[in-house]
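A short write-up of the structure that comes next.
Quick note: residue numbers are just sequence positions, from 1.
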Amino acid sequence: MNILKLLDKLSDDSFYTKKTSRLDNLSDITSFGKKAALAALPLGLGSFMATSAKAETKNEPGVAMKSALTDALQLALTLEYLEDEYYRIGLQTANLIPTGDRAVFMQISKHEAAHVTFLKGALNSLQTTPVAKPTFDFTANGAFSPFTNYQQFLTLAQAFEDTGVRAYKGQAGNVMSNKDVLQAALQIHSVEARHASMVRRMRANKGWIELGSGGSGSGGMPPATNPVYAGEQETMQAGFNTATAFGAAAGSAAYDEILTGAEATAIATLFID
């Protein structure tokens, strides 16, 4: 089945504890070494961004192109696994999500499950074994308690959705070699952006990323989530300083920045047991 048809078929229309070590890691994530960040990931994803380099050294551009494509899909699949399981657990946890909000998260959960199925199918169609679903620790080693505190559940939901949106953008260049995958990835990206906007509004925030004072998080987010928003204060776009025309706050908010594969992988790693 054509992967776009598969996607169409599948789509239908929840702070802190005394433990701080993982919070310190969240704050210092940008200083993580690439090997340390990737080592905790499941077999297959740990080679992210390394396979392409190997292929290029062999002067095999076709292999390198396919490797960049499949590595991007493996990263996307891991992020979708994370979101899919997070919402699944949240919906199964008694008395966590208020009745009035359940319909929203039930629909988001369906979307994430569809994304997982699509990405696994896309990888299989490229003769690549999908990365196995990791074992997740959504407390980040005791730093959060999202399944006993609804506000924390919402906070992490926003962080995960915002991470996904930026990560999909960051991989656009790596999936351009396959038109069907590129189109589907763009379709998933826009749906993830709608999720992010909805969760933000459920937290009484604006639907777009707007940095707080000093660039510490976004819309009342805790400082520990700063890595999710790192670089969003950028105002230079294609050589044009948007701050000159609109001011720094409006200029940066008008453009979303990407997360590199290494940055997105490191963020996901913090929630992998």
Side-chain angles (χ1 to χ4, degrees), residues 14-29 37 40-42 77-113 115-116 133-167 191-207 209 212 216-230 259 263-273:
S14 167
F15 252 89
Y16 302 102
T17 68
K18 59 184 179 182
K19 294 188 178 181
T20 59
S21 59
R22 193 65 70 93
L23 288 177
D24 291 338
N25 284 347
L26 279 162
S27 299
D28 297 335
I29 195 172
L41 289 175
L77 177 57
T78 297
L79 293 175
E80 295 292 352
Y81 277 145
L82 182 148
E83 292 179 317
D84 178 40
E85 183 154 328
Y86 185 71
Y87 295 123
R88 193 185 309 275
I89 295 174
L91 287 165
Q92 292 173 349
T93 302
N95 304 316
L96 174 65
I97 302 175
T99 301
D101 291 351
R102 284 189 63 83
V104 172
F105 286 109
M106 287 175 67
Q107 194 61 49
I108 291 178
S109 181
K110 290 178 183 178
H111 295 168
E112 307 300 3
H115 296 167
V116 167
K133 183 170 76 169
T135 299
F136 293 108
D137 172 17
F138 293 110
T139 74
N141 198 29
F144 300 97
S145 184
F147 302 124
T148 60
N149 184 308
Y150 184 55
Q151 292 308 310
Q152 289 189 33
F153 178 83
L154 288 174
T155 297
L156 280 186
Q158 177 181 321
F160 292 154
E161 295 294 347
D162 284 340
T163 296
V165 172
R166 296 187 67 189
V191 170
E192 294 292 343
R194 295 175 193 272
H195 293 172
S197 181
M198 183 65 191
V199 175
R200 286 171 158 278
R201 293 189 179 282
M202 293 172 79
R203 296 187 66 243
N205 287 337
K206 295 177 181 177
I209 291 178
S216 58
S218 174
M221 295 290 276
T225 64
N226 283 357
V228 175
Y229 304 99
L259 282 175
E263 290 166 341
T265 298
I267 292 170
T269 300
L270 296 173
F271 296 93
I272 293 176
D273 195 356

Query raised in the report: So, do T139 and S145 sit near enough that their side-chain heavy atoms are less than 4.5 Å apart?
Result: no

Query raised in the report: Would V228 and Q158 count as a side-chain contact (heavy atoms from CB on, under 4.5 Å) if you check the C-alpha gap in whole Å, the side-chain angles of each, and the deciding distance to 0.1 Å?
Result: CA-CA 10 Å; V228 175; Q158 177 181 321; over 6 Å; no

Report summary line: Rounded to the nearest 0.5 Å, the CG atom of N149 sits from the CG atom of L156 at a distance of 10.0 Å

Requested in this report: Over 60° means perpendicular and under 30° means parallel, so classify the ring planes of F105 and Y150, tilted if in between.
Outcome: perpendicular

Report task. I would like to know whether F138 and F147 meet side-chain contact (heavy atoms from CB on, under 4.5 Å); could you show each step before the answer? Result -> CA-CA 9 Å; F138 293 110; F147 302 124; 3.8 Å; yes

**Report entry** Evaluation steps, side-chain contact (heavy atoms from CB on, under 4.5 Å), between E80 and K133
**Finding:** CA-CA 10 Å; E80 295 292 352; K133 183 170 76 169; over 6 Å; no

Query raised in the report: Short question: side chain of T93, backbone of I89 - any donor-acceptor pair under 3.5 Å?
Result: yes

Requested in this report: Please lay out, stage by stage, how M202 and D101 fare under the test side-chain contact (heavy atoms from CB on, under 4.5 Å).
Outcome: CA-CA 9 Å; M202 293 172 79; D101 291 351; 3.5 Å; yes

Requested in this report: Step through it carefully: locate the ring centre of F271, locate the ring centre of F160, and say whether they are under 6.0 Å apart.
Outcome: yes

Query raised in the report: Taking R102 for the side chain and L91 for the main chain, is one N or O donor matched with an acceptor at less than 3.5 Å?
Result: yes

Query raised in the report: Taking T269 for the side chain and T265 for the main chain, is one N or O donor matched with an acceptor at less than 3.5 Å?
Result: yes

**Report entry** CE-NE2 distance between M198 and H195, expressed to the nearest 0.5 angstrom
**Finding:** 10.5 Å

Query raised in the report: Quick one: does P134's side chain get under 4.5 Å of T78's, heavy atoms only?
Result: yes

Query raised in the report: Does any non-hydrogen side-chain atom of F136 lie less than 4.5 Å from one of D273?
Result: no

Query raised in the report: Can a salt bridge be assigned to the pair R200 and D162 using a cut-off of 4.0 Å between side-chain N and carboxylate O?
Result: yes

Query raised in the report: Side chains of E83 and H111: donor-acceptor distance under 3.5 Å anywhere?
Result: no

